[in-house]
Number of protein chains: 2
Amino acid sequence: MTTEEKIFNAARIVFQKKGFAGARMQEIADEAGINKAMLHYCFKNKQLLFEAVFMNAFSQLAPQINEIFNSEATVFEKIKKFTNSYISFVIVNPYLPSFVIQEMNNNPEFVLSFLNHKNRPNPTPLLAQIEKEIADGIIKPIPPKQLLLDIFSMTVFPFAAKMMIKGIIQLSETEFNEMMEERKTSIAETIINSIKK
Amino acid sequence: MTTEEKIFNAARIVFQKKGFAGARMQEIADEAGINKAMLHYCFKNKQLLFEAVFMNAFSQLAPQINEIFNSEATVFEKIKKFTNSYISFVIVNPYLPSFVIQEMNNNPEFVLSFLNHKNRPNPTPLLAQIEKEIADGIIKPIPPKQLLLDIFSMTVFPFAAKMMIKGIIQLSETEFNEMMEERKTSIAETIINSIKK
DNA sequence: ATCTTTGTTAACCAAATGGTTAAACCATAT
DNA sequence: ATATGGTTTAACCATTTGGTTAACAAAGAT
């Protein structure tokens with residue numbers, strides 16, 4: 001592993017745990033097991049190191065969404081596949097959703113740089129498909145964007161608000177993970193139950 | 001407005017916008033229009049000021065949830081009432097959900113102090129009621145905690161991840177708000193559609 | 001009137017933090 | 001071997017930041 005990779009991995013861990021403002025360059029250096037000056041030698045400054053980490057995190061989430069949403073399957077199949085594979089992915093990258101959400105909220109101006117990003121999730125084809133299946137009588141009438149938002153919400157929220165959920169519903173770490181396993185199929189069931197004719 | 005109130009309101013604004021780590025005592029003082037030393041005179045230090053703000057934010061959300069969930073209505077009525085009134089509340093307090101979620105994630109140890117808090121949202125009665133209505137054949141079989149999590153997710157997530165949602169679905173501020181207005185009723189419809197027999 | 005308590009400020013301080021520098025290290029080409 | 005280029009480090013620096021202090025003002029209490 002190159003020094004740059006060591007730094008990047010360390011930065012990912014620290015930034016995702018503490019956020020941009022809470023992260024300390026020294027902590028990243030310690031985590032990487034190298035001298036703090038190397039951070040600046042490799043990544044110039046904190047902002048650029050952060051942007052590298054954030055861009056990477058975001059670009060891990062985005063193409064995965066596009067791949068499923070823009071495939072040839074039916075809406076029902078896409079919903080099943082998305083919830084299942086997204087939850088699988090997030091279970092092994094648990095800090096990602098809250099990290100991305102937090103930093104997008106804290107740096108709204110930074111969001112703009114992703115609207116033009118080539119790997120931006122693009123829901124347009126799926127929205128059109130939903131409209132078509134409604135017109136074809138396969139799906140009950142529902143505003144397509146609301147449906148999309150419902151799916152995202154049920155899938156991502158428990159990970160984004162993990163600590164709050166665990167606190168309110170009183171779940172241990174194991175129980176939380178078991179519940180998320182169950183959600184791989186239950187979310188799609190709930191949604192499809194609700195919109196199928 | 002007393003000086004303490006001025007400080008508290010300023011702190012709420014700054015903490016909710018920047019988070020604990022990103023907030024600056026000087027910025028809070030400027031926002032309040034008073035000298036920085038007054039912050040320490042009134043609230044001792046940054047941590048205690050933050051805890052006052054956080055506790056207040058949390059205790060605004062919690063009783064509202066309890067009131068609805070522990071009332072005498074049916075599950076369907078509770079879902080309708082909760083989504084409607086919660087969204088109404090959050091529309092005028094848009095920073096609250098992301099603030100609470102962010103800080104609970106960043107300070108997991110801090111979460112514990114709320115598990116014993118008297119105003120903690122307590123879902124137990126509602127969970128029991130869901131089980132009863134399932135046994136009575138009113139609601140389709142579904143793990144009650146999953147149902148509760150679905151409702152929370154659909155209601156809270158769009159506000160917690162506002163910037164990301166606006167970016168992905170390409171919504172203006174107005175369109176976002178219109179969609180949230182629509183959600184006041186559409187969430188309950190979706191859920192109830194899915195679980196009613 | 002003046003003493004005492006409470007509220008308020010400007011100036012100050014020590015520690016933390018992001019960032020720099022100059023020297024040392026090390027591989028590789030000559 | 002040694003000169004050269006990139007790599008790495010310890011020490012250092014300037015600024016920011018949370019927090020303190022001592023003086024001052026204002027308002028009751030005596």
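Note on naming: letters A, B, ... go to the chains in the order of the sequence lines (proteins, then strands), and numbering restarts at 1 for each one.
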Taking only side-chain nitrogens and oxygens of A/Thr3, does any of them come within less than 4.0 Å of OP1 or OP2 of D/dT7? no
Between B/Gln26 and B/Asp30, do the side chains contain an N or O donor and an N or O acceptor separated by less than 3.5 Å? yes
Could you verify whether a donor N or O on one side chain and an acceptor N or O on the other, from A/Lys196 and A/Asn193, lie under 3.5 Å apart? yes
Regarding B/Asn106 and A/Gln102, do their side chains bring together a donor and an acceptor under 3.5 Å, going by distance alone? yes
When the ring planes of B/Phe54 and B/Phe58 are compared, do they come out parallel, tilted or perpendicular, using 30° and 60° as the limits? parallel
Rounded to whole Å, CD of B/Glu4 lies from P of C/dT6 at a distance of 14 Å
Do B/Glu51 and B/Gln47 have side-chain N/O donor and acceptor atoms under 3.5 Å apart? yes
Atom-to-atom span, NZ of A/Lys18 to C1' of C/dG18 - whole angstrom: 16 Å
Nucleotide by nucleotide, 5' to 3', does protein get under 4.0 Å of the base (B), only the sugar-phosphate (S), or neither (-) in nucleotides 9-21 of chain D, counting heavy atoms? BB------SBBBB
